[in-house]
Q: 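Can you read through this structure? Questions will come right after.
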Amino acid sequence: MKAKVRFAPSPTGHLHVGGLRTALFNYLYAKKVDGKIVLRIEDTDQSRKVENAVENLISTFEALNISFDEGPTQGGGCGPYFQSERLSIYNEHIKLLLDSGDAYPCFCPAEKLEETRKKQSDAKHTIKYDRHCLRLDAAEARKRIEKEPHVIRMKVPSEEEVVFYDVVRERVAIRCEELDDQVLIKSDGFPTYHFANVVDDHLMGITHVLRGEEWLSSTPKHVLLYQFFNWKQPKFIHLPLLLNPDKSKLSKRQGDVAVEDYLNKGYLPETLINFVALLGWHPKNEQELFSLSELEKEFSVKRINKSGAVFDIEKLKWMNSQYLKNLPIETIMNYAAPVFKSEGLETTDVRKFNAVVENARKRADTIHEMIEHSIPFYTELQYSDEDKNLLQNESSQKVLTYFSEKLSGLSKWTEAEIKSLVNETGETTGVKGKDLYAPLRLALFGTAHGPDIPLLINILDVDTAVNRIKLHI
Ligand code: GLU
């Protein structure tokens, strides 16, 4: 049987780094083994539903170049899968468990449950349902189901323990005593995550469940459900927790931010994929930069780490700077164009835009930082009094006059020729070092430090450069 995996988010907000990691590992696994990946929206908790969450999710995956074989991105085929559209399936299946006695209705009101919980908590006991309704007469309970609000719970068997194998953690055993009679169907008739998740994984033919370690404690309940139904279990692969540098659980402040926000801040899709792939997985060698297609070949569940993965924002920045420097210039121009436009920097002069991006991409960690390095090429330059004085002093005037006169005569030139023109200006005017370079850079770029003068002229073009200098003579 071909492998089939799924990404099963609840539409409760934006896709976060952890969600992307789960989706990516599933995607990479499917690619590696030539299997399929399903997108399944787990929207059974009506109260936590967030407007547009699914649309955002889909557009984020599109931006990242991740596609699903079944699910909302696919017009035809078997998708989309929304659990809220599959209620009749869960109903059919809960009936089977009620009939077999592996599930039972519970009519206890919320206040009573709260009271029990409080008592158990005060006595420092495991917090779980006291099974009051398990003792009801079955026929009577069936009758009450018709008219009274109720939930349906699983009946945790009286065996010693539930055992399962996780590809990363190997043998995992949980004592049944510690398991609660989990609610499977809520009083609103919707299934809980646990029930819908297992029924769907089975019906959709999911062979491998890759998900975050925070779900590990739910897996025994799922394993019990597989046993009740007599279904084959998928292989479980729990991905290590994401941590802050101080090893606490990843927080919003440190980096558990919506993927969309990273994209909006100017982190490239290529970077985010590469960075997230290394959160809890390691390649065979020391290589750190991987394209998506390289990851598709390289990925192996055998190299998923057990210990938590630290989210290091400095590494993310470094990686982004590498992609900014190394991706084809056209790719960076495509990413940069909408950002430049939104900042009012025109991109229609392709020669200039190309040169501006080429300069800025070497100096910035994000597309947005590239803007800072580019603004002086587009806008009228502003000067402090100190700069104005510097530009007006005698030696600066000599430099600016000589250089601009010579420069305006150049029709074709190389950067080397401009460099020798700067040297010639120095020799002829007798001005050296900082006194030579600072006025030129100030006139051309607005700051005394910055890119080399030939590069500035290359970006601006000779006419603009001459005009900028002449403003100060
Ligand atoms: N709906 C769950 C979530 O929001 C899915 C967990 C799982 O993959 O089983 O992450």
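In what follows, every heavy atom counts, from backbone to side chain, and hydrogens, waters and symmetry copies are set aside. All residue numbers refer to positions in the sequence shown, counting from 1. In each ligand, atom 1 is the first atom listed, and ligand 1 is the first ligand listed.
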Q: Salt bridge check: are Asp180 and Arg117 linked by an N-O gap of less than 4.0 Å?
A: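 No, no charged N to carboxylate O under 4.0 Å.
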Q: Cation over ring, Arg86 on Phe82, under 6.0 Å and within 45°?
A: no
Q: Tell me, please, whether Tyr262 has Lys265 positioned over its six-membered ring: NZ or CZ under 6.0 Å from the ring centre and within 45 degrees of its axis?
A: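 Yes - Lys265 lies over the ring of Tyr262, closer than 6.0 Å to its centre and within 45° of its axis.
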Q: What do you reckon, is NZ of Lys235 surrounded by more than 12 foreign heavy atoms closer than 6.0 Å?
A: no
Q: Write 'none' if nothing qualifies; otherwise put on separate lines each N/O atom of ligand 1 with a protein N/O atom under 3.5 Å away and their distance to 0.1 Å.
A:
| from | atom 1 | to | atom 2 | distance (Å) |
| --- | --- | --- | --- | --- |
| ligand 1 | 1 (N) | Ala8 | O | 2.8 |
| ligand 1 | 1 (N) | Ser10 | OG | 3.1 |
| ligand 1 | 1 (N) | Glu42 | OE1 | 2.7 |
| ligand 1 | 4 (O) | Ser10 | N | 3.4 |
| ligand 1 | 4 (O) | Ser10 | OG | 3.1 |
| ligand 1 | 8 (O) | Arg6 | NH1 | 2.7 |
| ligand 1 | 9 (O) | Arg6 | NH2 | 3.1 |
| ligand 1 | 9 (O) | Tyr193 | OH | 2.7 |
| ligand 1 | 9 (O) | Asn197 | ND2 | 3.1 |
| ligand 1 | 9 (O) | Arg211 | NH1 | 2.8 |

Q: Does the ring centre of Phe275 sit less than 6.0 Å away from the ring centre of Tyr267?
A: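 No, too far apart.
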Q: Using the test ring pair (Phe, Tyr, Trp, His ring centres under 6.0 Å), find all partners of Trp318 that sit at least two apart in sequence or belong to another chain.
A: none
